Student: 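Below are the structure tokens for one structure; questions will follow.
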Protein chains: 2
Amino acid sequence: MQSRPRIPEATVARLAVYLRVLSGLVDGGRGTVSSGELASAAGVNPAGLRKDLSHLGPCGTRGVGYEVATLRDRIAAVLGMETAHACVLVGIGNLGAALAGYGGFGTRGFEFVGLFDASPARVGQLIGGRPVRPMADLEDVVTSTGATIGVIATPAEVAQRVCDRLAAAGVRSILNFAPVTLTAPAGVDVRQVDLSVELQVLAFLDKQRDAVPGTAPAGELAGGMA
Amino acid sequence: MQSRPRIPEATVARLAVYLRVLSGLVDGGRGTVSSGELASAAGVNPAGLRKDLSHLGPCGTRGVGYEVATLRDRIAAVLGMETAHACVLVGIGNLGAALAGYGGFGTRGFEFVGLFDASPARVGQLIGGRPVRPMADLEDVVTSTGATIGVIATPAEVAQRVCDRLAAAGVRSILNFAPVTLTAPAGVDVRQVDLSVELQVLAFLDKQRDAVPGTAPAGELAGGMA
DNA sequence: GCCTGTGAACAGTTTCACAGCG
DNA sequence: CGCTGTGAAACTGTTCACAGGC
């Protein structure tokens, strides 16, 4: 299959994981991998991995496996990593600073072209080599850099207002870490991430496990990101 | 349906979101809500919300809606929030500090009974009112507090070793924020959260949207947590 | 009349088994 | 003979429509 008939979202999330694993293998000087090995390193089922990769068209050699460098580049291309994505990050508290300083973004095609915080104490600080700017500069920076992605790591109370400003400034995709449900105009895609929900799911599964002693703990990871 | 025939995991994740919204409504002095209103505040489909709640047994009154305080307590009980969960958090960088200082955990039945970091510079600091301890104390604290949940917010290189130590010390559920796939012995449940995957999915959807102009941006949030 | 609760259709995702090529 | 690629089956989760109480 080509990339036309649309790749399932669940597959896209896993492709991002494969990309990370493959990058590690390339750095380790590895030439080829089998689906079984790659699946094990990514924590998924081998057959499922092959089905995921089938959405990119044939990219392995039968009896051998996949060439790691080629496969990595192919996935990177499909995920749109060949062109860097300009992002702005609003709210430089601990979480915002963690996101800004996380090396994983830069190496995967994301660049934070603007860090913003409402607190004068934060403005001017350097985070990951970039200065924190005042909120007043938000619209100008979005316009001048053409940033299409906005990340919100503010307190819940101001997240909706920040979302409105990002959308008005032309940002089309928003990732929200504040624990509120945001509404955005049509044409703007909002994704919600609440760090406490995973913990609650974990606690629920733990409780359920105690209640039903015969139940095995399922297995490995199940969460969305990786 | 009672809670016996098992509640779907997707439903559990959404119940956590409803719980947050309901807590806000209770604080606002609200008496009852309809499924439509609650669904809108949680960013989900009203029919889906009713189906989710049906797993707890009938808990609304027809023609009226749900009593917010009662429903909140019911969900809290099902999610196991009536008894506090003791957690240990390993890796007090920016992300770890953000998690430790996030008020949302404490009010939802989670208590960090131990914060750990390998860096001597971090040890002794107070985060969210609790001191950062040296890694050497990990096993003792897990044993003495009976912590059943461990959160890993360390660099990727040491995450597996931390996982091993947590599992050996008796932790049964692990939430991993490090970008590596962890393996744990049977009986230990590991959930993986990678902050960069959501960003990559967002970028992919954005790219796909440009490629197929007729496609609407879906709608609201889709991600797991909230 | 309004809103809940739910069975039934639907869509998406995972698993399986195996055909096909190197 | 090993490993990829893929259709078919099984499963899970979501959406819809409406029956049923208040």
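Since this is a predicted model, take the numbers as computed values, not measurements.
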Student: Keeping to residues at least two apart or across chains, list the side chain to side chain donor-acceptor pair (under 3.5 Å) pairs with something in residues 153-162 of chain A.
Tutor: A:Q160-A:D164
Student: Could you state the CG-P distance from B:L49 to C:dG5, rounded to the nearest angstrom?
Tutor: 10 Å
Student: Rounded to the nearest angstrom, tell me the gap between atom CZ in B:R74 and atom C1' in C:dG5.
Tutor: 15 Å
Student: Quick one: side chains of residues 33-49 of chain A, donor-acceptor pairs under 3.5 Å with protein atoms, not counting sequence neighbours, listed by atom name and distance.
Tutor:
residue: A:S34; atom: OG; partner: A:E37; partner atom: N; Å: 3.3
residue: A:S35; atom: OG; partner: A:R50; partner atom: NH1; Å: 3.1
residue: A:E37; atom: OE1; partner: A:R30; partner atom: NH2; Å: 2.8
residue: A:E37; atom: OE2; partner: A:R30; partner atom: NH1; Å: 3.0
residue: A:E37; atom: OE2; partner: A:R30; partner atom: NH2; Å: 3.0
residue: A:N45; atom: OD1; partner: A:A47; partner atom: N; Å: 2.7
residue: A:N45; atom: OD1; partner: A:G48; partner atom: N; Å: 3.4

Student: Sequence neighbours left out, what passes side-chain contact (heavy atoms from CB on, under 4.5 Å) with B:A153? Give chain and number order.
Tutor: B:L89, B:L95, B:L99
Student: CG of B:D52 versus P of C:dT6: gap in Å, rounded?
Tutor: 13 Å
Student: Does B:L205 reach the side chain of A:E9, with side-chain heavy atoms less than 4.5 Å apart?
Tutor: yes
Student: Atom OH of A:Y66 and atom C1' of C:dC21: how far apart are they, to the nearest Å?
Tutor: 13 Å
Student: Counting N and O atoms only, with roles assigned by atom type, does the side chain of A:H85 sit under 3.5 Å from a partner on the main chain of A:G80, one being a donor and the other an acceptor?
Tutor: yes
Student: The criterion is ring-ring contact (aromatic ring centres under 6.0 Å, His included); which residues satisfy it with B:Y18, sequence neighbours excluded?
Tutor: none
Student: Among residues at least two apart in sequence or on other chains, which ones pass side-chain contact (heavy atoms from CB on, under 4.5 Å) with A:N94?
Tutor: B:N94, B:A97, B:A98
Student: May I have the list of side-chain donor-acceptor pairs in residues 166-173 of chain A shorter than 3.5 Å, sequence neighbours left out?
Tutor:
residue: A:R172; atom: NH1; partner: B:D210; partner atom: OD1; Å: 3.3
residue: A:R172; atom: NH2; partner: B:D210; partner atom: OD1; Å: 3.2
residue: A:S173; atom: OG; partner: B:D206; partner atom: OD1; Å: 3.4
residue: A:S173; atom: OG; partner: B:R209; partner atom: NH2; Å: 3.3

Student: Let me know the distance between CG of B:L53 and P of C:dT6, rounded to the nearest Å.
Tutor: 11 Å
Student: Can you tell me if B:T61 touches the phosphate of D:dC22, counting only side-chain N or O atoms and a distance under 4.0 Å to OP1 or OP2?
Tutor: no
Student: Specify the separation, in whole Å, of atom CD1 of B:I7 and atom P of D:dT12.
Tutor: 16 Å
Student: If I take atom CG in residue A:L71 and atom P in nucleotide D:dT4, what distance separates them, rounded to the nearest angstrom?
Tutor: 11 Å
Student: Whole angstroms only, please: what is the NE2-C1' distance between A:H55 and D:dG7?
Tutor: 13 Å
Student: State which residues pass side chain to side chain donor-acceptor pair (under 3.5 Å) with B:T61; sequence neighbours excluded, sorted by chain then number.
Tutor: none
Student: When you compare the protein's N or O atoms with those of nucleotides 8-13 of chain C, which come within less than 3.5 Å of each other, and at what distance?
Tutor:
residue: C:dA8; atom: N6; partner: B:K51; partner atom: NZ; Å: 3.3

Student: Might you list the N or O atoms of the protein lying below 3.5 Å from N or O atoms in nucleotides 17-21 of chain D, with each pair's distance?
Tutor:
residue: D:dG20; atom: N3; partner: B:R62; partner atom: NH1; Å: 3.1

